[in-house]
Number of protein chains: 2
Amino acid sequence: MTQPISIGIVGYGNLGRGVEAAIRQNPDLRLEAIFTRRDPDKLEAGTQMVSINDIERYRGKIDVLILCGGSATDLPEQGPALAKLFHTVDSFDTHARIPEYYAEVDASSRAAGTVGVISTGWDPGLFSLNRLLAEAVLPEGSEFTFWGKGVSQGHSDAIRRVPGVKNGIQYTIPREEAVERVRSGENPELSTRDKHLRECYVVAEEGADREAIAETIRTMPNYFADYETVVHFVSEETLAAEHGAMPHGGHVLRSGRTGAGNTQIVEFSLKLDSNPEFTASVLVAYARAAYRLAQKGESGAHTVFDIPFGLLSPKSPEQLRKELL
Amino acid sequence: MTQPISIGIVGYGNLGRGVEAAIRQNPDLRLEAIFTRRDPDKLEAGTQMVSINDIERYRGKIDVLILCGGSATDLPEQGPALAKLFHTVDSFDTHARIPEYYAEVDASSRAAGTVGVISTGWDPGLFSLNRLLAEAVLPEGSEFTFWGKGVSQGHSDAIRRVPGVKNGIQYTIPREEAVERVRSGENPELSTRDKHLRECYVVAEEGADREAIAETIRTMPNYFADYETVVHFVSEETLAAEHGAMPHGGHVLRSGRTGAGNTQIVEFSLKLDSNPEFTASVLVAYARAAYRLAQKGESGAHTVFDIPFGLLSPKSPEQLRKELL
């Protein structure tokens, strides 16, 4: 076997830990180091923890760097900076700022001769690929994306700001009847309220007025008022025991029409026990692709739209054609 | 707008007619001619029918040729021959012979400096892409492909050979309970009988022993004996009225595991009113990609694994990043 591809991880939250686990499932990849802003001396032993300040010393030792920071503040700074030093892969997911982020990473990586794969994961990422594919194949049709069941961080934060609320979590849930209407080929007009419902698990402070809390949540503009919102009160223990996992998923559907009016339905669905571990697994497959693009002499920013699936697999093109086509 | 991409169709059965219809849905493509082995003088007017013997005269007038013949005898001959003259796209679907067919088209197209996209459609094609993607992202897991509900031509032919049978059709149907077991993350062991059932609509000859016919079908080795097979007797009129459509579809599922044992389910599903029209729509999107690969100076045989999704869409890379990522 050839030398494994050497990977560095930047950031060691849920996503970084997911990448560490995913690398162990891929024998052609090897974890070289994890870079962190925390004081490396204070981190658990047994990991390959390095201060982010020492990252330049790893040039030549690391083939691809997987950036596991957040899109709000980490990636806008780290992405363009680290693309000057390494081939990179990230999950930048602020949809509105993607063109700008692409331009910055592209400038850095073109100048440095590196490959920067941006905005991968599942949305943006695998969901985006399916939106593009279904639209290209069925130009006459409508697209429907449903998210969940999964935790929305923004909505959970909004609940926790309500007076009398000690803790809480919010799940976005696709309405199965709406999904079924699309699958049936009906091509329905769906309002916000028709597509998703919101389910909240709330820990109230002692003596707080639960009905008032529930009413405040259900009528909160932007976050909940346009939805059917269900509020459950639970104890802190129940919240910790039953709502600590990070499931997510969803459906991308296209309902198209061909010929004299035949309905054609294309659906891509994910049902994930662990959102960060799945996102990490996608990043790791794209790290392999980034390495191969670099080996072919490519440079600059790339998205999932620019990368053939063959580069994601450890198998050779011959093997892929024989086994999977 | 730039000049439309000029397309030629070879073969005018259900698939060729589907390609003709799909081109009308794509303003950046233009149908130049349909090539047929039949006597063009005897074909309906209003179409752009040309004898296959005159195809060489269309060099320079056609950007991409879409080959709509069958995999048994048409494509093994036409694919390598026409790749010497044109960029081509086909739906060669004899899985076992794909490596050999790839090698032949590759030799022709490399020598001629053309691009030959082989074995596209939905299986091989979109299903293959999803098998590869899910395996690359979730290396620890199992893959499940279910086909249907759809007509199997081979099984329909087998029914029609049974003594006393005047006409008949067979549907392959995925067993919903098996699909649900995979979706639930159970990762089940599924036998042939567990995955699909077979439903037959049979027109018996007058006076024929229906119970004997049903028994012969249900116990037929290879075709039906390993399945739960349901046999319905219908009139010739009912068969024509209710079973003339060509629906198909299916599911590609992967049930994977990440981290400390989290289950992750990836599913791609199609529900098609018209199998040939959907296959045709896929071929047309890949014709656009073949043209663009050629514009970039590429040549040789390509499969869906080698082609980035961005090339399938009429939209620019900037527009795709802004609208669909």
Side-chain angles (χ1 to χ4, degrees), chain A residues 17-18 21-22 25-26 95 98-99 102 119 124 126 128-133 135-140 183 185 249 256 258-260 262-274 277-278 280-282 285 288 303-310 312-314 317-318 320-322 324-325, chain B residues 17-18 21-22 25-26 95 98-99 102 119 124 126 128-133 135-140 183 185 249 256 258-260 262-274 277-278 280-282 285 288 303-310 312-314 317-318 320-322 324-325:
Chain A
R17 269 182 275 269
Q25 294 186 320
N26 289 281
H95 286 266
I98 285 175
Y102 178 91
S119 299
L126 308 196
S128 323
L129 283 165
N130 279 279
R131 283 189 283 263
L132 190 165
L133 176 67
E135 181 184 279
V137 170
L138 298 171
E140 293 180 13
R183 281 186 190 139
T258 61
N262 284 307
T263 297
Q264 317 274 26
I265 309 283
V266 181
E267 176 173 358
F268 180 76
S269 295
L270 294 173
K271 200 175 137 198
L272 310 175
D273 273 1
S274 168
E277 283 176 10
F278 187 79
S281 297
V282 176
R288 179 183 291 121
T303 75
V304 293
F305 297 156
D306 309 314
I307 299 174
F309 281 16
L312 302 174
S313 170
E318 293 72 24
L320 290 174
R321 286 194 293 272
K322 198 165 185 294
L324 293 177
L325 196 63
Chain B
R17 268 183 276 268
Q25 295 186 320
N26 288 281
H95 286 266
I98 285 175
Y102 177 92
S119 299
L126 308 196
S128 322
L129 283 165
N130 279 279
R131 283 189 284 263
L132 190 165
L133 176 67
E135 181 186 277
V137 170
L138 299 171
E140 293 179 12
R183 282 186 189 138
T258 62
N262 284 307
T263 297
Q264 317 274 27
I265 309 284
V266 181
E267 176 172 359
F268 180 76
S269 296
L270 294 173
K271 199 174 138 199
L272 309 175
D273 273 1
S274 168
E277 284 177 9
F278 187 78
S281 297
V282 177
R288 179 183 291 120
T303 75
V304 293
F305 297 157
D306 309 314
I307 299 174
F309 281 15
L312 301 174
S313 171
E318 293 73 24
L320 290 175
R321 286 194 293 272
K322 198 164 185 294
L324 293 176
L325 195 64

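Below, chains carry the letters A, B, ... as their sequence lines are ordered, and counting in each starts from 1.
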Among [options], who wins on heavy-atom pairs under 4.5 Å with chain B?
| options | result |
| --- | --- |
| A:Pro314, A:Ala21, A:Gly310 | A:Gly310 |
| A:Leu270, A:Asn130, A:Leu132, A:Asn26 | A:Leu132 |
| A:Ala285, A:Gly185, A:Ser274 | A:Ser274 |
| A:Leu312, A:Val266, A:Thr303, A:Leu138 | A:Val266 |
| A:Leu133, A:Val282, A:Ile98 | A:Leu133 |

* To do: Please flag which part of A:Glu135 lies under 4.5 Å from any non-hydrogen atom of chain B: side chain, backbone, both or neither.
  =>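 For A:Glu135, the contact with chain B is made by the side chain alone.
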
* To do: Determine whether B:Val304 and A:Phe309 make a side-chain contact, defined as any pair of heavy atoms from C-beta on separated by less than 4.5 Å.
  =>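 Side chain of B:Val304 against side chain of A:Phe309, heavy atoms only: no contact under 4.5 Å found.
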
From [X] [atom1] over to [Y] [atom2], what is the distance, rounded to the nearest 0.5 angstrom?
| X | Y | atom1 | atom2 | answer |
| --- | --- | --- | --- | --- |
| B:Ser119 | A:Arg321 | OG | CZ | 10.0 Å |
| B:Arg131 | A:Ser313 | CZ | OG | 13.5 Å |
| A:Leu320 | B:Asp306 | CG | CG | 9.0 Å |

* Start with the C-alpha distance between A:Leu325 and B:Tyr102, add both sets of side-chain angles, then the distance that settles side-chain contact (heavy atoms from CB on, under 4.5 Å), and finish with yes or no. => CA-CA 11 Å; A:Leu325 196 63; B:Tyr102 177 92; over 6 Å; no

* Could you tell me which portion of B:Ile307 (side chain, backbone, both or neither) has an atom closer than 4.5 angstrom to a non-hydrogen atom of chain A? =>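 Contact with chain A involves the backbone of B:Ile307 alone.
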
* List in chain and number order the residues that pass side chain to side chain donor-acceptor pair (under 3.5 Å) with B:Gln264, two or more places apart in sequence or in another chain; answer none if no residue qualifies. =>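 Expected list: B:Thr258.
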
* To do: State which residues pass side chain to side chain donor-acceptor pair (under 3.5 Å) with A:Asn262; sequence neighbours excluded, sorted by chain then number.
  =>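 Residues passing side chain to side chain donor-acceptor pair (under 3.5 Å) with A:Asn262: B:Glu277.
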
* Which atoms form the tightest heavy-atom contact between B:Ser128 and A:Leu324, and what is the distance? ->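 Looks like CB-O, 3.3 Å.
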
* To do: Locate the shortest heavy-atom distance separating B:Lys271 from A:Arg183; write the atom from each residue and the value.
  =>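 That would be NZ-O, 2.9 Å.
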
* **Exam field: side chain A:Lys322 to backbone B:Pro99, donor-acceptor pair closer than 3.5 Å** =>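 Side chain of A:Lys322 to backbone of B:Pro99, a donor-acceptor pair under 3.5 Å: no, none is there.
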
